[in-house]
Structure formats: C-alpha cells, structure tokens
Amino acid sequence: MKLTSLQRRRLSNFRANHRAFWSLWIFGTLFLLTLFAELIANDHPLLVSYKGALHAPIFNFYSEADFGGDFRTEASYADPELQCLIVTGGLADVCFVGPVAATVVISDVANGSFEVDNKGWILWPLIPYKFNTVDTHNVKTAPGAPDRYHWLGTDDQARDVLARIIYGFRISIIFAIIVTISTSILGIIAGAAQGYYGGLFDLMFQRFTEVWGSLPSLYIIIILSAIFNMTFWLLILIIVAFGWGALDGVVRAEFLRARNFEYVRAARALGVPDRVIIFRHVLPNAMVATLTMLPFIITGTIGALAGLDFLGFGLPSSYPSLGELTLQAKSNLNSPWLGFSAFFTFTIMLSLLVFIFEGVRDAFDPRKTFN
C-alpha cells in the first residue's frame, strides 16, 4: 500500500523521535516474546525422545504409561522417576530400586537437555516452569531466593517469579489493548456526536455523562465481584463501561471547535453525509488531542488491573497477575526480590508505553518537527 505524503511525514517524525522509536522496538520485542510464553516458560518439555520416537508434550497429552510408568494420568515431567524412565528407555527397575539415576536426572534438568546411554532425552524450555507450577523439588522454603533454578526467586507458593512475570506481562498488555480500543471507540463516537450535533442532544448527553462519571466504579466492581464470578471478559466490560468518558470530553471539545469551520459548513451545503464529515473531515483534527489521552488510558488500565488484583477484586486467582505479585511483595518484606521484580516490571512496561505514545502524539502534531 502506497503511503500518502502526510503519512510519510508522520512516519518520518516518529522515526526521528529516537526515544519513541527504540521504545517501540524494545516493547514490541518483549510483547512478541510473551505471546510465545508457553514455549519459553513451561513445565512441559518441548520435545521428548523415548525409544527412538519424538514426542511434543507441550502440544499433546501423554500419560505416564506412555513412558513406561504405571498410571494413565498425565505425565508429571518434573518427577525424577519419570525422567529416569524416559532417559533409560523405560527401565523401571533401574529407576525405582535406587535413587542414583533419579539424582543424575535432577542435576541435569537445569541444563535444558540431557542424554543417558542414547536411550532418550528431554528438551526443556528456557524456563522449565509455568506460571502456576509449584516447585517441590528445588525449593525448600517459600518464598525462595534467586538461584540457578529460579533466576528471580519464587513466591510464597514456590512458583517461579520470572515465569509469572512473563505470563502476567502478556495478560496485562492484552487486557490494556482491548480496554483502550473499546473505550476509545465508544468515547470518540459519543464525543463526536455531542460536538457535531450540539443543541439539546449535547445538553442531555452532558448531564448523563456527569451522572455516569460520578458513580464510584471501585465500589461497583466490589459489589459485582461479590455477586458474579469475576472473569477476564466481565472485568473488561466493567472497566470499559466506566472508562469511555475519558475521551468523550476531549473529542466533544474538538468537534465543537471544528463544526463551524468553513470547510465543514461548505461540506454541509454540498449535501455531504454527516458520517462522512465527522469521520473524514473533522475527526482527523481531533486526533492529536485524542492521542494525547491514549498514554493515560493504557497506563491507567494496567494500573487499574494491578490495583484490583492487589485488592483481590480483579482477575481470578488462576490467572498470572502482576498485582498479586505486588501483594506478595508487601506481605513478604523479608523477600526483597519480590518487590524489586514487581517494581522494575511496572517501571519498564509503563515507561516504554508512555515514550511510544508520546512519539505517536508528536508525529500527528503538525507543529512538531524533528531533525
């Protein structure tokens, strides 16, 4: 698709803003990596070679009996005895009689892969723990300090902190993107209609937004969480319902200013439909003010999610949560790695997002130029 001269100028301005440009690259790389979190941090191996056949436990279900065990339940790949069965080709007597083989397997898990007598091997992800994996083999006390098994330590349930950060980063960004897009669409539509049509419609809608905006959203969320089982999509719906007003006033003001411009009045006189005037001719002039608010919306959404999780009214406990990690840091002051992990995660994430949207805002502003 060929870019217009205006689009090329905006893209050039964004690239010239080095802080925003490199923040976009760093943030994009981090987010892309977290999208494949299951391949980076997982308690299921990427590949297992057993008796010459390759298996992919990360994608498929395998029972313990598939690797020479006794049970038909899903294989517990962190179990030293199962690891011994895999690498020895199902020699149950060797694995179950003495602890020597199991001890060898445990000591080699952290290396990512190992091989014994060419019978079988296990290829682990970079972090052999999922966000909800409780490590009972390498953690003696929880929270556990950082070591070679857990680079950022473990929380008070012996779960790997780095794995929870990776999954929590992904769900926080996806949550914020969905909420930001939804609230922006609703806020722009409402503000554009108010500012463009004005009159009684604008007056009545303003009274509605004033009443709606004065409702205590936190108390309502607390009440709803007591009535319903809070889910990912229900929480998004509630936050969008109370967050769309952030752009309503800004867009309304821009449309009130632009509705009497000469080109708008000329378009009306020529019979151009209102929807065309609103979205093609007036809305682009309101984009700078709109983009100015986006960093506050997306960072505020991430903060709101973390705050609700911190208070216990956010996502269910089965979700990886950065807010829950912050709560653990508060409850375990003698485990500073929890506090440092939460602090630097939020600092890096929010700083990169603010820098990116500052660059986008300046790229759309015709008064801003970069050398």
Side-chain angles (χ1 to χ4, degrees), residues 168 171-257 259 278-279 283 286-319 321-324 326-327 330 346 349-350 353-354 357 361:
I171 198 169
S172 296
I173 298 303
I174 293 176
F175 185 92
I177 290 174
I178 295 174
V179 170
T180 301
I181 292 175
S182 303
T183 54
S184 299
I185 292 174
L186 293 177
I188 288 173
I189 293 175
Q194 285 181 255
Y196 183 78
Y197 293 107
L200 182 61
F201 175 78
D202 180 35
L203 180 64
M204 299 301 294
F205 209 109
Q206 273 297 100
R207 302 293 79 79
F208 169 75
T209 56
E210 289 170 0
V211 173
W212 186 257
S214 65
L215 294 177
S217 57
L218 177 60
Y219 293 151
I220 294 176
I221 291 176
I222 293 175
I223 294 172
L224 292 176
S225 65
I227 299 175
F228 304 102
N229 290 325
M230 193 62 66
T231 63
F232 180 83
W233 293 107
L234 179 58
L235 188 59
I236 285 179
L237 180 63
I238 296 173
I239 293 181
V240 169
F242 290 98
W244 61 269
L247 284 178
D248 174 69
V250 176
V251 176
R252 172 181 174 270
E254 290 294 323
F255 270 76
L256 284 173
R257 181 177 66 89
R259 61 182 295 200
I278 290 174
F279 291 104
L283 184 59
M287 285 303 296
V288 174
T290 302
L291 291 172
T292 301
M293 295 297 297
L294 286 184
F296 301 101
I297 295 175
I298 193 167
T299 55
T301 301
I302 294 174
L305 177 63
L308 289 172
D309 289 337
F310 181 86
L311 296 173
F313 301 111
L315 296 174
S317 58
S318 59
Y319 283 80
S321 169
L322 298 179
E324 192 261 345
T326 307
L327 177 61
K330 170 184 171 295
F346 280 114
M349 180 196 309
L350 298 180
L353 286 171
V354 170
F357 279 101
R361 178 200 63 192

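Side chains are part of it too, since the values below use all heavy atoms of this structure and drop only hydrogens, waters and symmetry mates. Note that the structure is a prediction, hence the values are computed from the model and not measured.
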Residues 215-224 side chain polar contacts: donor-acceptor under 3.5 Å, at least two apart:
none

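- Here the side chains of I171 and L315 are in contact, with some heavy-atom distance below 4.5 Å.
- Note: R252 CZ to T209 OG1 = 7.5 Å, rounded to the nearest 0.5 Å.
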List, one per line, each side-chain donor-acceptor pair under 3.5 Å for residues 185-198, sequence neighbours excluded.
from : atom 1 : to   : atom 2 : distance (Å)
Q194 : NE2    : D202 : OD1    : 3.2
Q194 : NE2    : Q206 : OE1    : 2.9
Y196 : OH     : R268 : NE     : 3.2
Y196 : OH     : D274 : OD1    : 2.9

Enumerate, atom names and distances included, each donor-acceptor pair closer than 3.5 Å involving a side-chain atom of residues 226-246, sequence neighbours excluded.
from : atom 1 : to   : atom 2 : distance (Å)
T231 : OG1    : L234 : N      : 3.2
W244 : NE1    : A241 : O      : 3.0

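- D309 is not listed as a side-chain neighbour of L322, based on a closest heavy-atom distance of 4.5 Å or more.
- Counting heavy atoms from C-beta on, the side chains of F175 and I302 never come closer than 4.5 Å.
- Closest approach of F346 and A306 over heavy atoms only: CZ-CB, 3.5 Å.
- Between I298 and V179 there is no side-chain heavy-atom pair separated by less than 4.5 Å.
- Atom CZ of F208 is surrounded by more than 12 heavy atoms from other residues, nucleotides or ligands within 6.0 Å.
- For the pair I278 and F255, the minimum side-chain heavy-atom distance is below 4.5 Å.
- Atom OG in S321 sits 9.5 Å away from atom CG in L308 (nearest 0.5 Å).
- Residue L294 holds its CG atom at 10.0 Å from CD1 of I181, rounded to the nearest 0.5 Å.
- Using modelled atom types, one side-chain atom of T183 and one backbone atom of T180 make a donor-acceptor pair closer than 3.5 Å.
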